[in-house]
Amino acid sequence: MSAAFDVVLLVFLIATAITVARSQDLIAAVVKFGVYSLVMCLVWQHRGAPDVAITEAAVGAGVTSVLFLLAIARTERAEKR
Amino acid sequence: MRGLGLALVLVAAFTIVLGIGGLPPRLDPEGPVHTHVGARYAERGLEETGLRNLVAAVLLVYRGFDTFLEVVVIFTALVAVLALPSGVIGGTSWREPDAETSEPDAETSESGDRRAAAVVDRPDTGVPVSNVVGFVVRLLAPFIAVFAAALLYRGHVTPGGGFQAAAIFGALFIALGLVLGRAKADRLVPRGVRPYLQAMGPLAFALVGLLGWRLTGAFLGYPSEASAYVLREAMVVAVEVGIAVGGAVILARLFQALEGR
Amino acid sequence: MELFGFDLDYVAFMILFCIGLHMLVVKSNLLKKLLGLNVMETAVFAFIITSGMVDSGDPPILVAGTNPPFANPIPQAMVLTGIVVAVSVTAVALALIVQIHAHYGTIEVSELKERP
Amino acid sequence: MSDPWSLLVPGLVVLPLAAATLVPIVAGRDPRRAGSFTFGVVLLVTAMAAALVWRVGEVGAISVPLGGWAAPYGIEFRFDRFSAWTLGLSALFAFIVPFAWRYLEGTLPRSRWHVFYALLLLNLGGLLGFSVTGDLFNLFVAMEVVSLSSYAMVAVAGRGVAAWAALKYLLMGSVSSLLVLFGVGLLFALTGSLNLIDVAARVAEAPASPATTLALASLMVAFMLKAALFPLHAWLPDAHAIAPSPVSAVLSGLVVKVGIVGLVRVLQLSAGSGTDLALVNQVMLVLGTAAIVMGAFMAVFQDDIKLMLAFSTLSNIGYIVLGLGLAAPFAVIGSVVHVLNHALIKVTLFLAAGSIIHQTGFRTLRDLRGVARVMPQTSAAMAIGALSIVGIPPTAGFICKWYIALGAFESGQGVYGFALVFGALFIFVYYVRMLNAFFFRPAVRAEVQAAREPAWSMRAPLFVLAALCLLLGIFGSIPLAFVEPAVVELLASMGR
């Protein structure tokens, strides 16, 4: 059960990372990055690191995403190809 | 670029796979990771530091200097952001904004720079916040503050600690700034005390470190006798509060600067 | 968990590292590059944390209900520091990107290279 | 009473960092006070470093367990003969800070002066921490303090162009930092320890594994990237040329040395690891030689004097790496001393170039023709710096290169000795080009003819630095003799 959960989390993690890389709308990319960070938090919680999980949720997912969104608001939203 | 990128990634993947294949088996309680330094922390950490959360014990007591430098790093980030020319990144002065009208160009900047700066208009940050959001933030603010304080205070025993509290305090400032408007939010932390508050993390460490040297003969040492329990506790709390307050103010100011204030 | 003799966690983090590296090298958009750097960083953090795990171990918090063996606290402390460092670097990079956009009007490397 | 020496080593690091947080408070409404305060702090740090160097000469390496936790359970600071470089480092800051007093006028609005000084102090503190720490993770965090303040200092005075150069520097620097972190994490997974000496011992005990190789390779590539060793140098020229001149001096003279100090650490780590050291040395020899030649080659075609100096840094990093790669006593001693001597010379050159650019407003050789007639003193300092860096006896640059060349011939790898001499000739060419333009060509710009010598606070540091370039050449055997025992010990641990 636990092992299966692990595998699902890891696969989901990789999938989110790929969607971050692929989305051309930067706001979407940042939101997906937030999701990626939150999933990473779950992984860490699961690996016996609750301190790091809380920090990643607050700093990695929270603060980083907000700072990114501010920067997007002042630059461009679409990634050009 | 694309081909080069792919090649680089493949080389990196290949090297890493080769390398991590040679690591000792993970999860093995007899592996080197668990039998050396970590084992001693697990055995004697509580007795030596008085902290039940061993991560906090490592961060604050065993490897306090790392955390000191970490606090210095986020302070550096604030200074770095404030170092950028005004007009784009806001709030270049970390005291009251001086009446600086002329901004001489650097030896390196070109005339184009001046033009660009003139064209840039301050972003529109006066987005009205909906009543619902305003209400919810006001309602939750005290609870969020209590939660952050609890994370800080209970950090010895449960997961949490200075930085997590800082992030949440910082987020609270930011949310209140959006809801209450800038003027009121600015009054929450008067400008005059900001230079002191943002310096609190490194300063708390430096002072506690000096005190520790005076008491134990080692910089950042904590008295270990049972009788000095209260003093030791006070030193740990001083450092944690320094990290939390300093960190929160720095995060809020980074937000403001990126927002263009 | 193992896969072809490799630890599954390590393999997953290597893949994440490579996705981040690919974003950093190939993407032309500066914000995308920065996101790639963040993905890489998280992958390295995950690697470090995972290396400190122990079989059926509890988090390293000595309270009622947790028993040895404990996960190693040092990698966790390292990663906590690393996360704060990463967010600091990201903040500075974002400020620089805003500055670049104000001056050049673009944040695409391909276009930046064409301008003086 | 506690032992004061145990406070002095961490104090060396904590003092500038804590002082940096106080700069805005001290500056108050008068930004000039920030400069005097910073200068005071730097002088104090220099005095502390001098006391420590003297002490090391008397009693040998000082090891300070921070928090009283003996290694490997806590962080250990080690001040040994290699750490003598911290004295030179803080002393050079003591020249750069007063130079910046007047330089900042007209370069940076007053409202940002204290930010600039705070960044300088943070940079100094990080460099000192990086140099004295004996702990791998502490090394990483200290390096981040250095890097982050360096990125900011590149962008501090310019607008878009500088921000773009700074961002390129930041992205490269972050990759390098990440590789360091990865390497440290791998080493921790292998040994369960973070203390440098302990890790080295445990790596030596353990059977050789590809994971060890990956960790060491990752660290090595990371530090080569930080040192801008060819072919990982692409970020350097822009960042160093666009930054304000005192910053260029710090970056080119001191910050790139982070990579070199790191490389020495990795060599210490890999001494017993079963890694093929001969191969590592071969790689360093080839890259070092390539860096010397390419740096010189690219510098020849530059017209911008600061770009020229930036490319010359590439060559000199090449010399240092070449010396380390030769792994012969003479060569390594030469390299270790050249870390400091190159810093001294490069700071002299960048400050001189900064004065010239500050006074005339031009930065290309074409525009600056004839500048020596109106600024003879500054130009003379520049000339002394140029002769030093080429390696003309009796200057500071000569003795190091001489030792490296001696090492090459002594260890039977004379071909690298010839490469070194050839590189020096190449370097000679472009410095002659520069001096020729300054001294022997008629001025083409009216502004240059109208220029004057800069203020005394800018000239005085330059004179002392130029004098030091000569003195360290004449009395060059003193630093060489000082580091010799440490180098011999290092080489012995590597089986040489």
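Below, chain A is the first sequence line, B the second, and so on; all start at residue 1.
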> Going from CG on Leu122(D) to OG1 on Thr76(B), what distance comes out if it is rounded to the nearest 0.5 angstrom?
Replying inline: 4.0 Å

> Do Leu194(D) and Arg63(B) have side chains that get closer than 4.5 Å, going by heavy atoms?
Replying inline: yes

> Of the backbone (N, CA, C, O) and the side chain (C-beta and beyond), which part of Leu210(B) lies under 4.5 Å from a heavy atom of chain D, both, or neither?
Replying inline: side chain

>> Once salt bridge (charged side-chain N to carboxylate O under 4.0 Å, His left out) is applied, what residue pairs with a partner in residues 200-209 of chain B remain, sequence neighbours excluded?
In response: none

>> Once side-chain contact (heavy atoms from CB on, under 4.5 Å) is applied, do any residues pair with Leu232(D), and if so which ones, sequence neighbours excluded?
In response: Val221(D), Met224(D), Leu225(D)

> What distance separates Leu7(D) CG from Arg214(B) CZ, expressed to the nearest 0.5 Å?
Replying inline: 10.5 Å

> Which region of Leu18(B), side chain (C-beta onward) or backbone (N, CA, C, O), has a non-hydrogen atom less than 4.5 Å from a non-hydrogen atom of chain D, or is it both or neither?
Replying inline: backbone

> Does a side-chain heavy-atom distance below 4.5 Å link Ile75(D) with Leu220(B)?
Replying inline: no

> Which heavy-atom pair separates Ala77(B) from Leu148(D) by the least distance, and what is that distance?
Replying inline: N-CD2, 3.9 Å

> Can you tell me how far the CG atom of Leu214(D) sits from the OG1 atom of Thr15(B), to the nearest 0.5 Å?
Replying inline: 7.0 Å

> Can you check whether Val61(B)'s main-chain N or O pairs, donor with acceptor, with Trp69(D)'s side chain at less than 3.5 Å?
Replying inline: yes

>> If I compare all heavy atoms of Thr191(D) with all of His36(B), which pair ends up nearest, and what's the gap?
In response: O-CD2, 3.8 Å

>> Let me confirm one number: the CD1-OG distance from Ile16(B) to Ser218(D), rounded to the nearest 0.5 Å.
In response: 8.5 Å

> So, does Tyr73(D) use its side chain to make a donor-acceptor pair with the main chain of Tyr41(B) at under 3.5 Å?
Replying inline: no

> Does the gap between the ring centers of Phe219(B) and Phe77(D) come in under 6.0 Å?
Replying inline: no

>> For a 4.5 angstrom cut-off between non-hydrogen side-chain atoms, does Phe75(B) reach Leu17(D)?
In response: no

> Which value, rounded to the nearest 0.5 Å, describes the distance between Leu139(D) atom CG and Asp66(B) atom CG?
Replying inline: 10.5 Å

